[in-house]
Amino acid sequence: MINKKQLINQAREIFKTNVVEGYSDWKKTSYRYIAPAKKGYPYQWLWDTGFQAIVLSHFDTNWAKNEIRNLLLVQDLDGFLPHVIFWDETMHTPLWASMLSRDNLHVHTTNITQPPVLAIAIEEIYKRDKDKKFLKEVLPKIGKYHRYLLEMRDPDKTHLLSIISADESGMDELPIFQYAAGLKTNNVFLFHFYNRKADILNKFNRYDIKKILEKDYFTLKEPFFNVIFIEACKSLSRLYLQIDNKTEAEYFKKQANKAMDALIALCWDTEENIFYPTYSKNNLKIPIKTIVSLAPLFLSDLDKQYVDLLVQKHLLNTEEFWLPYPLASVAKSEVFFDPSKLPFYWVKALWRGPVWLNANWLIIKGLQKHGYDTIADQIIKKSAKLVAAEGFREYYNPFTGSGYGKENFGWSTLLLDLL
Ligand code: GLC
């Protein structure tokens with residue numbers, strides 16, 4: 001079994017290897033960040049930055065803070081934070097960047113966001129170094145980002161946020177997105193088109209969020225994104241208290257509670273006893289069991305009746321999520337389930353069954369919040385086994401444990417935060 005000290009050394013090495021730095025003519029500032037994997041993912045991603053900062057908080061809080069500061073350099077006036085920043089202007093931006101941005105050629109950032117983990121990361125950093133100056137510096141910015149989400153992503157005032165692209169969930173190839181876009185069967189050839197259909201329409205609508213949500217061709221209420229938002233609001237609330245701002249603390253706590261009630265009202269399925277995402281303003285359920293269905297376990301205030309049903313009926317179900325290496329990102333019982341890495345890009349899909357350590361991290365934290373420590377420990381041990389055998393890979397086969405995707409992948413070091 002890997003010990004914490006070893007893991008710290010390994011994480012430090014990986015982060016050092018993945019550092020990218022330079023000067024941005026666009027922002028007139030120098031930049032420095034940890035890329036998710038220098039080979040293949042050389043840009044700065046929002047939720048990767050948050051996860052990596054959580055890991056860094058264990059051994060270098062200053063570095064963790066600088067990672068967050070670097071991301072905040074590009075915050076829009078309305079509070080928006082992009083999912084990817086293409087800092088290096090000499091680098092050729094990929095095709096998908098233009099698809100996810102208003103701009104065509106010189107793309108600096110995408111115009112979509114990603115799960116808002118930053119407040120959670122900041123609370124982890126604060127727990128370890130009690131730096132109130134840092135809180136005073138960053139909380140107004142994170143608060144502004146949360147307000148942007150509340151104002152722009154909740155058009156019908158349901159208290160749940162809607163995402164406009166599969167990429168905003170961070171789990172871009174889950175079958176729930178193609179379903180919302182109209183492809184309800186497992187057709188590997190049509191899949192890529194339907195998975196990107198919302199992005200094509202978003203581009204056509206020039207990433208005008210109000211217009212996009214009004215046209216209502218996607219409007220996806222995704223539980224994983226929303227539970228991160230809810231817990232991040234609670235983190236913000238607790239942190240605001242640390243700097244004696246009771247008004248903001250109250251405000252974000254209230255938002256968290258409202259969103260949790262809405263999640264139960266709109267996404268809980270009383271027949272299957274599981275949470276499903278919804279799409280469109282009519283909140284139609286997407287009846288596919290994926291890791292997002294278990295994400296509400298991460299909510300510290302989730303009622304025990306939901307927790308027990310999720311754990312007993314689904315998480316521990318060997319036909320669904322509990323495979324030799326838990327947890328499957330798509331339930332084995334779904335036709336969309338595919339545990340392996342397929343040889344051709346056309347049919348290759350990252351989030352169709354393999355194990356991802358950031359998703360495991362979130363569910364493990366949830367299990368611990370609700371007293372399911374033994375099950376949490378079992379998943380931690382299995383996750384550690386994956387890393388010991390295959391290294392810090394992007395994702396893993398849930399039957400064989402084979403490591404797939406990028407090597408030296410940043411957020412897989414989250415294992416450190418679980419030991
Ligand atoms: C993949 C993942 C996304 C992640 C990115 C960088 O696109 O699906 O969640 O942020 O890689 O690691």
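Note that ligands are numbered from 1 as they come in the structure, with each ligand's atoms numbered from 1 the same way. This is a predicted model, so every value here is computed, not measured.
Taking the six-membered ring for Trp and the full ring otherwise, the centers of W361 and F51 sit less than 6.0 Å from each other.
At a threshold of 4.0 Å, the pair E319-K332 counts as salt-bridged, since one of the basic side-chain nitrogens sits closer than that to a carboxylate oxygen.
For the pair K184 and Y179, the cation-pi test (distance below 6.0 Å, angle within 45°) is passed.
By the ring pair (Phe, Tyr, Trp, His ring centres under 6.0 Å) test, Y207 is found to be paired with no residue, residues two or more places apart in sequence or in another chain being considered. Residues satisfying the ring pair (Phe, Tyr, Trp, His ring centres under 6.0 Å) test with W322, not counting sequence neighbours, are none.
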Need the list: ligand 1 N/O atoms against protein N/O atoms, distance under 3.5 Å, rounded to one decimal.
unit_1	atom_1	unit_2	atom_2	d
ligand 1	8 (O)	G170	O	3.2
ligand 1	8 (O)	D172	OD1	2.6
ligand 1	8 (O)	W351	NE1	2.9
ligand 1	9 (O)	W47	NE1	3.0
ligand 1	9 (O)	G170	O	2.4
ligand 1	10 (O)	W47	NE1	3.2
ligand 1	10 (O)	D48	OD1	2.6
ligand 1	10 (O)	Q114	NE2	3.0
ligand 1	12 (O)	D48	OD2	2.7

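Under the side chain to side chain donor-acceptor pair (under 3.5 Å) criterion, the residue pairs touching residues 28-38 are E21-R32, with sequence neighbours excluded.
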